[in-house]
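Bear in mind that the values here come from a model prediction, so they are computed numbers and not experimental data. Side-chain atoms are counted along with the backbone in the values below, which use heavy atoms only and exclude waters and symmetry mates. Residue numbering restarts at 1 for every chain, and letters A, B, ... go by the order of the sequence lines.
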Number of protein chains: 2
Amino acid sequence: MRRKATAPSTPDRSSYHHGTLRQSLLEAGEALLREKGFKGFTLRECARRAGVSHAAPKHHFGDVKGFLTEIAAGGFDELTRMLRERIADATTLDEEFIATTRAYVEFAQAQPEHFRIMFRDDLLCAESDRLATAMQLTFTELTNVILRQRGEPEIRCEEVERDQSIVAILDDIMIGWCHVHGLAHLILERQLPPVPAELQDGMLITVSTRLAQLIQHGGKS
Amino acid sequence: MRRKATAPSTPDRSSYHHGTLRQSLLEAGEALLREKGFKGFTLRECARRAGVSHAAPKHHFGDVKGFLTEIAAGGFDELTRMLRERIADATTLDEEFIATTRAYVEFAQAQPEHFRIMFRDDLLCAESDRLATAMQLTFTELTNVILRQRGEPEIRCEEVERDQSIVAILDDIMIGWCHVHGLAHLILERQLPPVPAELQDGMLITVSTRLAQLIQHGGKS
DNA sequence: AGTTTCATTTTGACATTGTCAAGATCAATT
DNA sequence: AATTGATCTTGACAATGTCAAAATGAAACT
């Protein structure tokens, strides 16, 4: 029955109107995801944790699909943030590519259930602008890594849609994007051949470095 | 109330014992997956389609996790079959690598819900020998593609576990495996940049060819 | 033959879940 | 002061996974 002490002047007053219910539900959802995983993730439990009745979420998110869409968008925001942070720390191009791969993989390992939802087209509503924008921001970050590898000018998020410079290097984007995502997903779902954990990062470095060189050289030779 | 006309001499007799219930349930599950997707996939509906009561599956599969594990194993069997078929048709090494990627991607697109379950560690029980074997067969097929690319002798499935020749080329295996899986998964979950469908296969060919060359050359140069 | 054993299937029950419709509550505008 | 509209609650419904206990029938045993 505890309430968030943020919005109203009365901090812990039990009032009919929650005030920040939408945000509280999202936070409850993310916490639940971490603690109980996807199978323990229910709308009713989120409502319980936010201290409201079981039907309260409906007004803010419609149905469970709408709720998951917001959760996924938040995941892409966080992933974008992590990518930017790591990329900023890198000093060379090779290092940047490795840092990107590492950040992506580590996000998937640190927030496995969150990551799974982000890449479940059947659970999300594709019409959501909120989600589309968050995804595009992540994609822009990854694309710019490739563009820098090739010594070409970066793009801004708004230019991504059907941008010509992107189409021109689509092959390279695909190589980088598939590499990074495939690795993260396979590790997450434990589908990899038996690699000792301590060798994993070394392998990540070797593979990333070779792919980075391939991308730097472009299609030629 | 229709019964399978396979096992007993009496084809359509309504009998207390089903005879081939286990197999019928699996078939019902796969059909359900294709028709209604994962959200329409329930144990009770499978039982209904097999013409038995709602609790009948319990004796054969334990719980839903056990059931999904069998479904996933069947998916890996089918994927292995498709890979072998396509690989056998290829005549050159480059062609073989492309064919492998195509088969993997096409499987994911043709059986999306099946594919999703196969790569959901949280839904499957990792202790299942049936599943582990089926996965290892798929992995062996992919590994041998890489080994042939590098002109090295192939391995048999039983040798995969901790095989030295695998550890030696782990980097190359990872490049191929991540590429193929990342591409398939991203296409399936509609996370790709806006690529016109007719350009998709061309891109797949270009990317696969460049990666195949990278693998053929090994780590050197 | 008759009996027993055991795998298989049914029946009935329980706690949970997502969703919906109707009503209650409260803030803000008129 | 009255009304409007957003926000939340209550109560209900059908469905699901799982469980325990009982029913069924096939096969083994005496």
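Listed nucleotides C:dG18, C:dT8, C:dT10 differ in distance to B:S53; the shortest reach to its side chain belongs to C:dT10. Each of D:dT7, D:dT9, C:dT11 was ranked by its minimum atom distance to the side chain of A:A55; first place goes to D:dT9. When distances run from any side-chain atom of B:D63 to the nucleotides C:dG18, D:dC8, D:dT18, the shortest one goes to D:dT18.
Taking side-chain N and O atoms only, A:K58 has no distance below 4.0 Å to OP1 or OP2 of D:dC8. A close approach under 4.0 Å does occur between a side-chain nitrogen or oxygen of B:T42 and OP1 or OP2 of D:dT16. Between B:H59 and C:dT9 there is no side-chain N or O to OP1 or OP2 distance below 4.0 Å. Taking only side-chain nitrogens and oxygens, B:H54 never comes nearer than 4.0 Å to OP1 or OP2 of D:dA15. When the side-chain nitrogen and oxygen atoms of A:R48 are compared with OP1 and OP2 of C:dT16, none of them lie within a distance under 4.0 Å. Within the structure, every side-chain polar atom (N or O) of B:R44 is placed at least 4.0 Å from both OP1 and OP2 of C:dT10.
Among all heavy-atom pairs drawn from A:F38 and B:R120, the shortest one is CD2-NH2, 4.1 Å.
For A:H60 and C:dG18, the NE2 to C1' distance is 17 Å, given to the nearest whole Å. Atom CG of B:L43 is separated from atom C1' of D:dT16 by 9 Å (rounded to the nearest Å). Between the CD atom of A:Q23 and the P atom of D:dT7 there is a distance of 15 Å, given to the nearest Å. As a whole-Å value, the separation of A:F67 CZ from C:dT17 P is 14 Å. Taking atom CG of residue A:L25 and atom P of nucleotide D:dT9, one finds them 10 Å apart after rounding to whole Å. Between the P atom of C:dT17 and the CZ atom of A:F41 lies a distance of 12 Å, rounded to the nearest Å. Atom CZ in A:F61 sits about 11 Å away from atom P in D:dC8, given to the nearest Å. A:E45 has its CD atom 11 Å from the C1' atom of C:dT16, to the nearest Å.
A donor atom on one side chain and an acceptor atom on the other are not found under 3.5 Å apart for B:T69 and B:S128.
Salt-bridge check for A:D201 with A:R102: passed, with a basic side-chain N closer than 4.0 Å to an acidic carboxylate O. Salt bridge absent: A:D122 and B:R190 never bring a charged side-chain N and a carboxylate O closer than 4.0 Å.
Just one of A:H185, A:Q191, A:E189, A:H181 meets the side-chain hydrogen bond (donor to acceptor under 3.5 Å, both in side chains) condition when paired with B:H181; it is A:H185.
The base of D:dT7 lies outside donor-acceptor range of the side chain of A:R22, with no N or O pair under 3.5 Å.
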